[in-house]
Amino acid sequence: MSIEGVKNSMGQVKKVNDAAKIRVSGLSIGIHEFHFVYDSSVLGFDGNFPKQVEIDAILDKTAHQILLKVNLRTSGRFQCDRCLDEFEQPILTSYQIFYLYHGTETARIVQDELQIIGPDTVEINLTEDIHQTILLSVPLKLLCSEDCKGLCPRCGANWNLRLCNCKEDVGDPRLQGLKDLLNN
């Protein structure tokens, strides 16, 4: 169920905190499209992901397998690695996975994109795959912008906001001979 929720007996919409699941039992053979919006906490995220996660899924069911293609949209709050300011970064990512019924030939499919399910499987839980895909989409180097100037190593001034009057460090005079060799 999505965050849109269910109306209770008083007509108020109540948020549903179920995991992201798609019911596949009784689903006809063919292509099916799904759109979900989940609160990020339902998918196991902490305060770094304050926005909802939008999920667009296309499920192609055949007699022997299910191919699921998922597109994800959310954003995260991070701290810049250069200037230490907080910033919000959109995260747009996708993944696909094959669900093969037990006993089906699996040699042609990349093992990272494969899960074996039984023919009596009622639903597919997407929560862990969504969680991992979003976490793996976060860049290793978090920058508020590509041209972030960072902080002054002496006084700590944020060079994106103002320049400081610190003198350039000449370095260790014992290494001057090495610097001269590199410059030649």
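All heavy atoms count here, side chains included; hydrogens, waters and symmetry mates do not. Predicted model, so just to flag it, every value in this text is computed and none were measured.
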Which residues pass the side chain to side chain contact (heavy atoms under 4.5 Å, CB included) test with [X], not counting sequence neighbours?
X: I31; value: I58, D60
X: L175; value: D172, L178
X: P139; value: Q89, L142
X: S25; value: R23, V122

Exercise. Would you say the side-chain atoms of S137 pair up with the backbone N or O of T93, donor to acceptor, closer than 3.5 Å?
Worked result: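 Looks like no, no N/O pair under 3.5 Å.
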Compare every heavy atom of [Y] with every heavy atom of [X], then report the nearest pair and how far apart it is.
X: A63; Y: I29; value: N-CD1, 4.0 Å
X: F87; Y: Q79; value: CE2-C, 3.8 Å
X: Y101; Y: T62; value: CE1-O, 4.0 Å
X: S145; Y: D147; value: OG-OD1, 2.8 Å
X: L114; Y: I97; value: N-CG1, 4.1 Å

Partners of [X] by salt bridge (Lys or Arg N to Asp or Glu O under 4.0 Å), sequence neighbours excluded?
X: K51; answer: E88
X: E146; answer: none
X: R73; answer: E54, D56

Exercise. Residues sharing W159's hydrophobic cluster, by side-chain heavy-atom contacts under 4.5 Å among ILVMFWY, directly or via others?
Worked result: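 W159 clusters with nothing; isolated.
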For this session: List, by chain and number, the other hydrophobic cluster members for L151, where Ile, Leu, Val, Met, Phe, Trp and Tyr join if side-chain heavy atoms come within less than 4.5 Å, directly or indirectly.
Result: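 Under the 4.5 Å side-chain rule, L151 groups with L84.
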Problem set entry | N158: side chain to side chain donor-acceptor pair (under 3.5 Å) partners, not counting sequence neighbours |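 Partners of N158 by the side chain to side chain donor-acceptor pair (under 3.5 Å) criterion, ordered by chain and then number, come out as D85, N160.
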Problem set entry | Which residues share a ring pair (Phe, Tyr, Trp, His ring centres under 6.0 Å) with Y99, sequence neighbours left out |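 Testing Y99 for ring pair (Phe, Tyr, Trp, His ring centres under 6.0 Å), a comparison that skips the adjacent residues, returns none.
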For this session: Keeping to residues at least two apart or across chains, list the ring pair (Phe, Tyr, Trp, His ring centres under 6.0 Å) pairs with something in residues 113-136.
Result: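 Listed by first then second residue: F45-H131.
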Exercise. If you group Ile, Leu, Val, Met, Phe, Trp and Tyr by side-chain heavy-atom gaps below 4.5 Å, do L92 and L126 land in one group?
Worked result: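 Not linked; separate clusters.
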